[in-house]
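Single-structure report; data block below.
We number each residue from 1, following the sequence as shown.
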Amino acid sequence: MTDMKNNFKNMHQDHLCQLCKAEEDDQSHLLSCEVLINSCEALGENTKVEYEDIFASLKEQTEAIKIVPKIWKTRENLMDGG
């Protein structure tokens, strides 16, 4: 399970994204977080991958797999103050 506030609701008072503070911190938010979009080149250039693609056809899953690790690394770096 990914380290997102909504995955551990009992451990957090608020469930807002720690980066943008505008939406709930969950996996689908990784692709729409304005802070991540502005900080992750791969996400900023993304015009077709949507969260639901990780559950779709092999082709769509392959496209999502290319971008999600880059988003996750950017998120971790931003949250670590980098």
Side-chain angles (χ1 to χ4, degrees):
M1 191 174 297
T2 58
D3 186 19
M4 311 293 290
K5 287 183 178 181
N6 269 3
N7 289 343
F8 302 96
K9 290 184 178 188
N10 292 333
M11 293 176 59
H12 303 282
Q13 293 265 336
D14 80 87
H15 299 130
L16 292 178
C17 171
Q18 297 174 61
L19 299 174
C20 72
K21 312 257 190 262
E23 295 182 38
E24 289 196 356
D25 193 33
D26 60 24
Q27 289 89 221
S28 63
H29 178 64
L30 288 173
L31 293 168
S32 64
C33 177
E34 288 298 322
V35 174
L36 284 174
I37 289 171
N38 293 328
S39 301
C40 179
E41 185 176 335
L43 183 56
E45 295 171 353
N46 175 49
T47 58
K48 59 184 174 180
V49 175
E50 297 180 9
Y51 178 71
E52 293 77 20
D53 292 345
I54 65 173
F55 307 106
S57 72
L58 183 58
K59 180 181 178 191
E60 290 168 315
Q61 288 178 8
T62 301
E63 291 300 315
I65 289 286
K66 291 177 185 176
I67 193 171
V68 170
K70 295 173 185 175
I71 296 167
W72 193 253
K73 180 145 181 83
T74 300
R75 180 181 186 269
E76 286 177 343
N77 287 340
L78 290 170
M79 289 180 59
D80 288 341

Q) Quick one: SG on C40 to CG on L31, what's the gap to the nearest 0.5 Å? A) 9.5 Å

Q) Atom CG of N38 and atom CG of L19: how far apart are they, to the nearest 0.5 Å? A)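 It is 11.5 Å, given to the nearest 0.5 Å.
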
Q) Quick one: are L43 and K70 in side-chain contact, heavy atoms under 4.5 Å? A) no

Q | Pairs where residues 28-46 contributes a residue and the test salt bridge (charged side-chain N to carboxylate O under 4.0 Å, His left out) is met, not counting sequence neighbours | A |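 Listed once each, the pairs would be none.
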
Q: Begin with the C-alpha distance, continue with both residues' side-chain angles, and end with the deciding distance and a verdict on side chain to side chain contact (heavy atoms under 4.5 Å, CB included) for L78 and V35.
A: CA-CA 9 Å; L78 290 170; V35 174; 3.9 Å; yes

**Q.** Single-linkage hydrophobic cluster L36~L16, side-chain heavy atoms < 4.5 angstrom
**A.**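 Different hydrophobic clusters.
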
Distance-only check: which donor-acceptor pairs under 3.5 Å involve side-chain atoms of residues 54-68, not counting sequence neighbours?
{"unit_1": "S57", "atom_1": "OG", "unit_2": "E60", "atom_2": "N", "d": "3.3"}
{"unit_1": "S57", "atom_1": "OG", "unit_2": "E60", "atom_2": "OE1", "d": "3.2"}
{"unit_1": "E60", "atom_1": "OE1", "unit_2": "S57", "atom_2": "N", "d": "3.2"}
{"unit_1": "Q61", "atom_1": "NE2", "unit_2": "A56", "atom_2": "O", "d": "2.9"}
{"unit_1": "T62", "atom_1": "OG1", "unit_2": "L58", "atom_2": "O", "d": "2.7"}
{"unit_1": "E63", "atom_1": "OE2", "unit_2": "K66", "atom_2": "NZ", "d": "3.4"}

Q: Could you list all the ring pair (Phe, Tyr, Trp, His ring centres under 6.0 Å) pairs where at least one residue sits in residues 20-49, not counting sequence neighbours?
A: none

Q. Do D53 side-chain atoms and E50 backbone N/O form a donor-acceptor pair below 3.5 Å?
A.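 Flag set: sc D53 to bb E50 pair under 3.5 Å.
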
